[in-house]
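Working notes, beginning with the structure itself.
First the proteins, then the strands, lettered A, B, ... as listed; each starts at 1.
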There are 2 protein chains.
Amino acid sequence: MTARRAQRPVVRIRDVAQDAGVSPQTVSNVLNDQGRFTEETRARVLASVERTGYRPNRAARQLRTRRSRLIGLHLPAAQLSVSNTFSIAFVREVIEAVRRVDHQLVVLTTPVDSPDLDAELLAPGVDGYVLFNVGLDDPRPRVLVDAGVPYALFGRALDPDIQGWIDIDNAAAMTPLVDHLVERGYRTFGYVTYDDDAYWTQERWEGATARLAHHGLAIDPRWLLRGTEAEIRENVAPVLLGPDRPEAIICESDALAEIVHVMATRQGLLPGRDVAITGFDAVPMRFELEPSLTSVAIPVREVADAVVRQVLDEVDGAAAPTAGTFLPTRLAVGGST
Amino acid sequence: MTARRAQRPVVRIRDVAQDAGVSPQTVSNVLNDQGRFTEETRARVLASVERTGYRPNRAARQLRTRRSRLIGLHLPAAQLSVSNTFSIAFVREVIEAVRRVDHQLVVLTTPVDSPDLDAELLAPGVDGYVLFNVGLDDPRPRVLVDAGVPYALFGRALDPDIQGWIDIDNAAAMTPLVDHLVERGYRTFGYVTYDDDAYWTQERWEGATARLAHHGLAIDPRWLLRGTEAEIRENVAPVLLGPDRPEAIICESDALAEIVHVMATRQGLLPGRDVAITGFDAVPMRFELEPSLTSVAIPVREVADAVVRQVLDEVDGAAAPTAGTFLPTRLAVGGST
DNA sequence: CTGAAAGCGCTTACAG
DNA sequence: CTGAAAGCGCTTACAG
């Protein structure tokens, strides 16, 4: 226990000042790069910081500057599961993005429909929030707007007050995907999608069908498969992988495409040769599929960086120059088409 | 932007005091449940808190009490991936456990082998740390011990200074599993394991073989498969699922058991009828296996609660009553045996 | 049971 | 370029 209770004496800024023979104020200036000191002073101060092992007290700094250097990430527990491939990739990038701007990430997990959502979101005193998986009528941005807490979100909102969003253009993203399929010679199409009311579900469907129409093509209604993952898992073989099947199957997400891919393989069909399969997201999966999946890559890292930067701009009161920003997607061609 | 910049005036404790007609001190006492007030005062104060929308300034409280109410979770980025089924389940439970004790969770992702590990771990000013995936010679506990920062860990360490660990007894956990297999009549065994030097890898192997020996049984060396997930994926069929195969395959983890299960199914073998398969961890997977996997359940929630409680006890200076604690595992019998 | 004073460790004006 | 003073908003002794 001895080592455990080390309790080494706390070094304060005035100890460093004393050691360096300057005032606390000067130490503060050096540490916060405020200018107003000679290079020689700077060196002396830094040497003293090193020697004394000084580490600024965050609470004191926070009290004075009114900045916690904490960014909140709202991550309802349900989204932190191995089934949420995209969420996990996104969370990881947000953590890294926050680290790059020298802040700390605080994770909140209150369910979106909790009656305490407001209180819990406001309690931790973070400088701002990152939200994602935000639907058009999500209650969270409103809570933060009303409380005057800065935030940025990956997604979009209906309310024009809700600004500072970062998103991808789901419909537009389907254009190069469909063009690619048409170019490869595929002419009959199936579509696999979640049966939810998310706007991205809607937009991907509309983007795909519109672009197919542009080519004079369409998705045959009998090859449209909607449902939960479990339902799709069950129905994909009979509906889409029998002898009378489409040449290509467009899936709303990689998670769904993975199911189709696995089931196709199990039926003895080789994706890319016997049937084309496409996904959407292009994030790492539990096992890489073979042949690899053609998909639409969401620039997760860029989104995370943009969202975090947006929060900080808002915190700093830098005029938010945009209501929202679309980031470009990229077609990732694999062996499955 | 108007709504966005709401900037409502900050309510301080003295505003509440004024509203309630008491001193700031009394408001503080009520809010922190320090006794020393009448029930009537209490009600008046709480009403004023409600009316004014007061929310304590965390920085000020932290500066005064020297508690941030922040608990750090060190989660190197590599562990936050869909392949790390167990890590994801554990992180989720830690977040919830921290929330239950009314603290906030800060996530740090510095790689374990980073030269800045010390500095980054100490920078955020958390009250204490939760560590997991800790190996016997892990550098992290030492860093925290030396800095006098409280922590608790899921895992174990060699250094006797490193106390406050919570773990399961991997070897003991294998006893009921092996007994179950023997009881079901299985007499020939294969074993699938990672090729790493983690102590749990070692302990599970020893636990299984020792208990088999107790029954006068053993794992045939030609049915021992060691390697990375990719290697196991490739070799499991030829080594363990051919005509000359063991009756039962014990796997070090659910992740490996999943591979074996999928491959067995692909070979036309029905787990539980044609070959028995067991895992270890019993956390949710991307897709539930069918038949379900017999496995050893790690009490993830209990572990998370215990680790968080241990950190707080340490923070509060409550004597750490134990060097370490083993939590019990439970055999979860599924259809795969 | 309640109040006035002091102080946690910084940084932000303000003087020199 | 550097220093002495004030104050951020709480809570912790200390008096009454």
Side-chain angles (χ1 to χ4, degrees), chain A residues 7-46 48-49 52-70 102 122-125 127 315-317, chain B residues 7-46 48-49 52-70 102 122-125 127 315-317:
Chain A
Q7 233 21 311
R8 53 184 187 159
V10 173
V11 180
R12 289 144 309 173
I13 199 169
R14 70 157 169 260
D15 301 319
V16 178
Q18 200 158 14
D19 186 84
V22 298
S23 73
Q25 141 83 312
T26 299
V27 176
S28 173
N29 286 156
V30 169
L31 258 29
N32 297 296
D33 238 336
Q34 298 284 35
R36 296 192 248 233
F37 46 78
T38 60
E39 189 48 46
E40 189 249 319
T41 306
R42 192 184 124 86
R44 220 168 58 233
V45 167
L46 291 182
S48 294
V49 166
T52 56
Y54 172 68
R55 219 164 310 111
N57 179 307
R58 293 179 70 102
R61 174 180 283 176
Q62 179 177 345
L63 179 56
R64 191 64 243 233
T65 62
R66 319 195 127 265
R67 289 277 193 287
S68 63
R69 298 190 77 81
L70 254 32
D102 196 29
L122 302 180
D127 289 343
V315 170
D316 293 337
Chain B
Q7 232 22 309
R8 50 177 189 169
V10 173
V11 180
R12 289 146 308 173
I13 198 168
R14 71 159 167 259
D15 301 319
V16 178
Q18 202 159 11
D19 187 85
V22 299
S23 72
Q25 142 82 312
T26 299
V27 176
S28 172
N29 286 156
V30 169
L31 258 29
N32 297 296
D33 237 336
Q34 298 286 34
R36 296 191 250 237
F37 46 79
T38 60
E39 189 49 46
E40 190 248 320
T41 306
R42 190 184 126 86
R44 220 167 58 234
V45 167
L46 291 182
S48 294
V49 165
T52 55
Y54 173 68
R55 218 162 311 113
N57 179 308
R58 293 179 70 102
R61 174 180 283 177
Q62 178 177 347
L63 179 57
R64 190 63 242 230
T65 61
R66 321 196 126 263
R67 289 275 194 290
S68 63
R69 298 189 79 80
L70 253 32
D102 196 28
L122 303 180
D127 289 343
V315 170
D316 292 337

Could you list all N or O pairs between the protein and nucleotides 5-7 of chain D that sit under 3.5 Å apart?
residue: D:dG7; atom: N2; partner: A:Arg64; partner atom: NH1; Å: 3.3
residue: D:dG7; atom: N3; partner: A:Arg64; partner atom: NH1; Å: 3.4

Nucleotide D:dC10, atom P - distance to CZ of B:Arg14 in whole Å: 9 Å

Between C:dG9 (P) and A:Arg55 (CZ): distance, integer Å: 14 Å

Distance below 4.0 Å between B:Arg61 side-chain N/O and D:dT11 OP1 or OP2: yes

Qualifying residues under side-chain hydrogen bond (donor to acceptor under 3.5 Å, both in side chains), relative to A:Ser23, sequence neighbours excluded: A:Thr26

For B:Arg69, all residues meeting salt bridge (charged side-chain N to carboxylate O under 4.0 Å, His left out), sequence neighbours excluded: B:Asp102

Contact under 4.0 Å: B:Asn32 side-chain N or O vs D:dT11 OP1/OP2: yes

Side chain to side chain contact (heavy atoms under 4.5 Å, CB included) partners of B:Pro56, counting only residues at least two apart: B:Tyr54, B:Arg61

Non-neighbouring partners of B:Arg44 that pass side-chain hydrogen bond (donor to acceptor under 3.5 Å, both in side chains), sequence neighbours left out: B:Glu40

Any B:Ser28 side-chain N or O less than 4.0 Å from OP1/OP2 of D:dC10: no

Candidate nucleotides D:dT11, D:dC8, C:dC8, ranked by approach to the side chain of A:Leu63 - the nearest: D:dC8

side-chain hydrogen bond (donor to acceptor under 3.5 Å, both in side chains) against A:Ser48, all qualifying residues, sequence neighbours excluded: A:Asp19, A:Arg51

Residue-phosphate contact under 4.0 Å: A:Asn57 side-chain N/O, C:dC8 OP1/OP2: no

Sequence-distant partners of B:Asp15, side-chain hydrogen bond (donor to acceptor under 3.5 Å, both in side chains), two or more places apart: B:Arg12

Phosphate-side-chain proximity, A:Thr26 and D:dG3, N/O vs OP1/OP2 below 4.0 Å: yes

For atom CG of B:Leu31 and atom C1' of D:dT12, their distance in whole Å: 16 Å

Set of residues satisfying salt bridge (charged side-chain N to carboxylate O under 4.0 Å, His left out) with respect to A:Asp127, sequence neighbours excluded: none

Strand DNA chain D as a dot-bracket string - pairs counted if Watson-Crick or G-U with both distances under 3.5 Å, | where the partner lies in another strand: |||.||||||||.|||

Salt bridge (charged side-chain N to carboxylate O under 4.0 Å, His left out) partners of B:Arg66, counting only residues at least two apart: none

Non-neighbouring partners of B:Arg67 that pass salt bridge (charged side-chain N to carboxylate O under 4.0 Å, His left out), sequence neighbours left out: B:Asp316

Sugar-phosphate, base or nothing in reach of A:Ser23, heavy atoms under 4.0 Å: base

B:Arg67 CZ to D:dT11 P, straight-line distance once rounded to whole Å: 14 Å

Nucleic acid contacts of residues 38-46 of chain A, taken as heavy-atom distances under 4.0 Å to DNA chain D: A:Thr38, A:Thr41

